[in-house]
Amino acid sequence: MKKRMAGIAALLLLATTVTACGGGGANSSASGESVSDTAAKTKIKVWTMNRADQEYMKEKIDAFNAENPDNIEIDYQIYAENYTQSLDIALATNEGPDVFFDGATAFNDNLPKGNLAPFNDYLTLEFKERFGEGAFVEGINVVDGSIYSLPAISTTPRLFYNKDIFEKAGIAAPPKTLDELVQTAKQITDKLKGEGIYGFAANLKNPAQAYSRSIDYILMRSGGAEAGFDFKAGKYDFGGYKPILEAYREIFTSGAAFPGSESLDIDPLRTQFAAGKIGMYISWNHSEPGVYMNQFPTEQNWDVAQLPTIDGTVSGSQHLNLAGRWYFMNAHTEHPDEAWKVMEFLYSDELLTGYHENGLGLVMVPSVLEKAQAPQTIQNWPELALTDKDKIWPALPTGVTPEGNDMYFVFNAIVLGALDVDKGIADLNERYNAAYEKAVADGKAKRIQYPDFDPANPGKVFE
């Protein structure tokens, strides 16, 4: 009982912290105006988890706050490490942002709760036409005819590695198989740990962020499921993760990974990579170039490679994350018209053109691409560019809330050697399928099954 009361007290304290200061540690683009200057303005809170575009967005938002004719002030907050938790608490306590980023599980978490506002009444034909054909897809940004987000950028993971470290360790090329991933991590560590250099790292302090950008995509690229859901069978099946989890466990229990990875956030990991202490890690292709140009400038000779697969064969494709979604409007905002004005600004050709040209994201809006120059980042690191193996996958079931720990918590226990892999997979299969059936029975989820689903061509289900 004491533990339970302590937990409740801690949650209330965290909620109070979010309410009072926007979630401790978040960054704001404060314009520096006095209270009297801004008293008459309508403040619109915008939350994101993307720190890589911080300098660019601050410049644009400061200009918007100074120049917009609608007397709107954007309060821009960045939650790079604790976005999902902070957003959940803020929305539950009616202190949520008016506009928020489609990060992590924001769509699947908040659509069933009624926290997403449809755009239909605001979207003019002229505005919609900017996004071209195929921009509005049922289950991606449209649900039962209601439009909840718009496409802007797309991203998918790549392997980031230090070429000089590879050369010093006697490694000719980045790994293409799981076995090579393990051996590369071990070889770098064995030869260079005396210099404080280790082969591999992941931001395991937040398992959902770490594994949803790595293990999930290695499996998809290998021809498997997405987030445990088998679209062909129409049920959850975590069996395909076994060889990937075993490879990760070998890296993280053998000493081949950067020490303390289990308590590492993504920005501290990036700091160590920028300092030349990490041989390789997996993250998003839209964010890392900006990080090392602006946030953590580095002189390290780093490069980009495609993700390894289980056996070196690319029999599937990688889901394009964010494709079709970027920002949402809070259904409970007190200022919907002003929030939409901010959405128009965020999705404007002017903002997105600069976003693309500065290499902050791979923009996919036709009206932007018609005028934008090719980003220097793609010229410097060609493997950042999207390929025919990067594709939009169908939407996952919503409203599925299994009892107990989620899949990424279980993955972490397996990787760190605290749980047997077969027991963990069996547990996930049982609990996730039970939760899926319950969500369908309760009307919170629709049954999804595509008998002819092909991981190499997932878009066939949209035809």
Side-chain angles (χ1 to χ4, degrees), residues 29 40-48 50 53 57 60-61 63-77 87 90-91 94-103 106-154 322-356 361 363-371 392 395 398:
S29 62
K41 289 192 172 185
T42 301
K43 183 173 288 189
I44 298 297
K45 292 189 289 185
V46 178
W47 282 20
T48 183
N50 191 3
D53 61 6
M57 291 300 291
K60 293 297 182 183
I61 288 169
F64 176 88
N65 286 344
E67 300 167 3
N68 81 86
D70 302 297
N71 216 27
I72 296 170
E73 179 187 2
I74 296 176
D75 178 15
Y76 188 71
Q77 302 282 345
L87 183 63
L91 290 172
N94 295 318
E95 295 291 340
D98 303 278
V99 173
F100 54 96
F101 184 75
D102 176 37
F107 180 74
N108 285 343
D109 287 348
N110 289 288
L111 182 66
K113 297 176 184 177
N115 289 333
L116 307 184
F119 299 166
N120 300 57
D121 292 341
Y122 289 102
L123 283 170
T124 64
L125 180 60
E126 180 182 9
F127 196 83
K128 286 181 69 174
E129 286 178 344
R130 293 177 47 234
F131 298 92
E133 294 183 8
F136 301 93
V137 181
E138 183 69 28
I140 301 296
N141 51 22
V142 181
V143 178
D144 296 332
S146 294
I147 299 170
Y148 291 100
S149 193
L150 302 166
I153 66 172
S154 58
L322 293 180
R325 301 196 297 259
W326 198 33
Y327 278 95
F328 303 118
M329 274 175 54
N330 187 342
H332 310 294
T333 177
E334 295 179 359
H335 308 288
D337 292 344
E338 290 83 358
W340 177 251
K341 292 285 186 181
V342 171
M343 292 289 290
E344 288 182 318
F345 158 71
L346 292 171
Y347 280 97
S348 66
D349 278 1
E350 191 272 335
L351 184 143
L352 289 176
T353 296
Y355 204 94
H356 186 76
V363 175
M364 54 190 300
V365 180
S367 62
V368 173
L369 297 178
E370 288 172 2
K371 63 189 74 172
I392 297 177
T398 59

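As the structure is a computational prediction, the values presented were derived from the model and not from experiment.
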Looking only at heavy atoms, which two atoms of [X] and [Y] are closest? And how far apart?
| X | Y | result |
| --- | --- | --- |
| Y76 | D53 | OH-OD1, 3.8 Å |
| S367 | D349 | OG-OD1, 2.8 Å |
| N115 | H332 | OD1-NE2, 3.1 Å |
| V143 | Y148 | CB-CE1, 3.9 Å |
| I72 | V342 | CG2-CG2, 3.9 Å |
| F328 | A106 | CE1-CB, 4.1 Å |

Could you tell me the separation between the [atom1] atom of [X] and the [atom2] atom of [Y], rounded to the nearest 0.5 Å?
| X | Y | atom1 | atom2 | value |
| --- | --- | --- | --- | --- |
| L116 | R325 | CG | CZ | 9.0 Å |
| K43 | D98 | NZ | CG | 11.0 Å |
| R130 | L352 | CZ | CG | 7.0 Å |
| E334 | N94 | CD | CG | 9.0 Å |
| T353 | E370 | OG1 | CD | 10.0 Å |
| I61 | I44 | CD1 | CD1 | 12.5 Å |

Just so I know, are the side chains of [X] and [Y] near enough to count as touching, which here means a heavy-atom distance under 4.5 Å?
| X | Y | result |
| --- | --- | --- |
| M343 | Y122 | no |
| V99 | F345 | no |
| V46 | F101 | no |
| I74 | N68 | no |
| L87 | P97 | yes |
| K60 | F64 | no |
| N330 | K45 | no |
| N141 | W326 | no |

- [ ] On the 0 to 90° scale, with breaks at 30° and 60°, tag the Y327-Y347 ring pair as parallel, tilted or perpendicular.
- [x] perpendicular
Open item on the list: Surrounding CG of N71 (heavy atoms of other residues, nucleotides or ligands, distance under 6.0 Å), is the total greater than 12?
Closed with: yes
Open item on the list: Using the rule given for side chain to side chain contact (heavy atoms under 4.5 Å, CB included), can you reason through H356 versus L369, listing the C-alpha separation, both sets of side-chain angles and the distance that settles it, and then say yes or no?
Closed with: CA-CA 8 Å; H356 186 76; L369 297 178; 3.9 Å; yes
Open item on the list: Go through it in stages, so that I can follow the logic: the residues are D75 and Q77, the test is side chain to side chain contact (heavy atoms under 4.5 Å, CB included), and I'd like the CA-CA distance, side-chain angles, deciding distance and then a yes or no.
Closed with: CA-CA 7 Å; D75 178 15; Q77 302 282 345; 3.0 Å; yes
Task: CA sep, side-chain torsions, deciding dist, call: F100, N110, side chain to side chain contact (heavy atoms under 4.5 Å, CB included) - done: CA-CA 11 Å; F100 54 96; N110 289 288; 4.2 Å; yes
- [ ] Check the pair L351, M57 against side chain to side chain contact (heavy atoms under 4.5 Å, CB included), reporting the backbone distance first and the verdict last.
- [x] CA-CA 9 Å; L351 184 143; M57 291 300 291; 4.3 Å; yes
- [ ] Return yes if some donor-acceptor pair links the side-chain N/O of N120 with the main-chain N/O of I147 below 3.5 Å, else return no.
- [x] yes
